[in-house]
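No experiment lies behind these values; they were computed from the predicted model shown.
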Amino acid sequence: MRKRTGEFIVVAMMVAAVGGCTIDGSPSAAPSSSAGPASTVQCAYPDAADPFAKIPTAAPPGVPEDQRIAALKQIGELKAGAAKKRSAPKPDSSAAAEGEVVWTIATNRGVIGATLIRHNAACNVNAVVSLTQNRYFDNTECHRLALAQTLRVLQCGDPTATGVGGPGWSSPDEPPKGLEPGSTPESVVYRRGTIAVANANSTYTGVKNSGGSQFFIAIADSPLPAQYAVIGQVSNEGLKVLDTISSGGVIAETAGGVDGKPKLPVTLSTVTVGF
């Protein structure tokens, strides 16, 4: 589930999900966290480039003629999104390695209760807790709903609602542990209710450690590359809210009509943590 590193058509031409959130089959990169004392790990959160720094003013030359209108629409959306971008302080580099955190996502569609589980991905849980405490997620939209047969997820965490936004820094790779193998050698199954961090990792471009604020929640079992840090699990009551959202369908951005913004707009009113 990659987050966008640019736009759909335009992004592919500029820089390229779960997230324009495309999905590829590339294997995950090695983690860039190191063990500290028994109860903590040391995490690196390097600065991230501003994805809005080079928005084109016109459709790039390589865009086919029949896609130029869509490309111009995407450019407009990026410009609008740039006005809503946010930054957040970097998390503490020392992260608790064990324990659970109550994570409550209050939306206009209902409350999605969840538990963040540190030992699955200590650095990424630390990042999400820090973002939550800094109110980064409050009053933001979930920008993507995917309802394909093999990919059913809701993606949130980007204040710009473009799929390219982030807090100004990135979080380290922490490949998932203990997930069942998927149908291909590179994939694992992210079970219904799993919360994971989207990234733009790619073995083709060498991008790694590209997580940030964007996260996705599996509405149904979804096989994906083993490169997305699993940070928690949604409660049974929270899953009912997700089912309501998915039942509304999507404003399709793909030919298959199964991937785009949710038809029932989803706003994260407040997101809080409890210890």
Side-chain angles (χ1 to χ4, degrees), residues 1-9 11-12 16-28 74 105 107 109 112 114 120-121 124 141-158 161-164 173 175-176 178-204 207 210-234 238-266:
M1 184 58 169
R2 293 180 57 200
K3 66 179 182 181
R4 289 184 185 174
T5 52
E7 323 86 87
F8 263 96
I9 299 169
V11 170
V18 168
C21 295
T22 55
I23 297 171
D24 64 22
S26 58
S28 57
Q74 290 169 5
I105 306 170
T107 83
R109 302 297 169 188
I112 302 173
N120 285 345
N124 281 273
E141 298 176 31
C142 293
H143 64 275
R144 183 189 186 197
L145 178 64
L147 296 177
Q149 184 175 357
T150 57
L151 177 66
R152 300 178 69 85
V153 300
L154 178 69
Q155 189 159 339
C156 313
D158 174 8
T162 62
V164 304
D173 292 337
L179 301 188
E180 297 175 25
S183 57
T184 65
E186 299 87 3
S187 68
V188 292
V189 179
Y190 290 73
R191 289 294 184 193
R192 172 171 160 85
T194 297
I195 310 169
V197 174
N199 64 52
N201 287 0
S202 171
T203 55
Y204 301 106
V207 172
S210 61
S213 61
Q214 292 188 44
F215 61 92
F216 65 90
I217 306 172
I219 298 169
D221 295 355
S222 298
L224 290 166
Q227 69 181 54
Y228 306 106
V230 172
I231 58 172
Q233 180 71 32
V234 168
L239 288 173
K240 294 178 183 178
V241 176
L242 292 170
D243 289 340
T244 297
I245 294 167
S246 65
S247 68
V250 303
I251 301 171
E253 292 180 359
T254 63
V258 292
D259 199 328
K261 293 183 181 296
K263 281 187 178 179
L264 297 176
V266 182

Donor-acceptor under 3.5 Å ([X] side chain, [Y] main chain):
X: Tyr190; Y: Pro225; result: yes
X: Gln233; Y: Arg192; result: yes
X: Glu141; Y: Pro265; result: no
X: Lys261; Y: Ala161; result: yes
X: Arg191; Y: Glu180; result: no
X: Ser222; Y: Arg152; result: yes
X: Asn124; Y: Asp173; result: no
X: Ser187; Y: Pro223; result: no
X: Asn201; Y: Gln227; result: no

Can you name the nearest heavy-atom pair linking [X] to [Y], along with the distance?
X: Ser246; Y: Leu147; result: O-CD1, 3.5 Å
X: Ala226; Y: Pro175; result: O-CB, 3.9 Å
X: Asn199; Y: Ser210; result: CB-OG, 3.4 Å
X: Asp158; Y: Gly163; result: OD2-N, 2.7 Å

Do [X] and [Y] have side-chain heavy atoms sitting under 4.5 Å apart?
X: Asp259; Y: Arg144; result: yes
X: Ile195; Y: Val230; result: no
X: Leu145; Y: Ile219; result: yes
X: Pro181; Y: Val189; result: no
X: Cys156; Y: Phe215; result: yes
X: Ile217; Y: Thr194; result: no
X: Leu242; Y: Leu154; result: yes

Just to verify, what does Lys263 make a salt bridge (charged side-chain N to carboxylate O under 4.0 Å, His left out) with, not counting sequence neighbours?
none
What do the steps show when you test Val234 against Ile112 for side-chain contact (heavy atoms from CB on, under 4.5 Å), and what is the final call?
CA-CA 7 Å; Val234 168; Ile112 302 173; 3.8 Å; yes
Interatomic distance, CD1@Ile245 vs SG@Cys142, rounded to 0.5 Å, equals 6.5 Å
Could you state the interatomic distance from OG1 (Thr244) to CG (Leu239), rounded to the nearest 0.5 Å?
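Interatomic distance, Thr244 OG1 to Leu239 CG, rounded to 0.5 Å: 11.0 Å.
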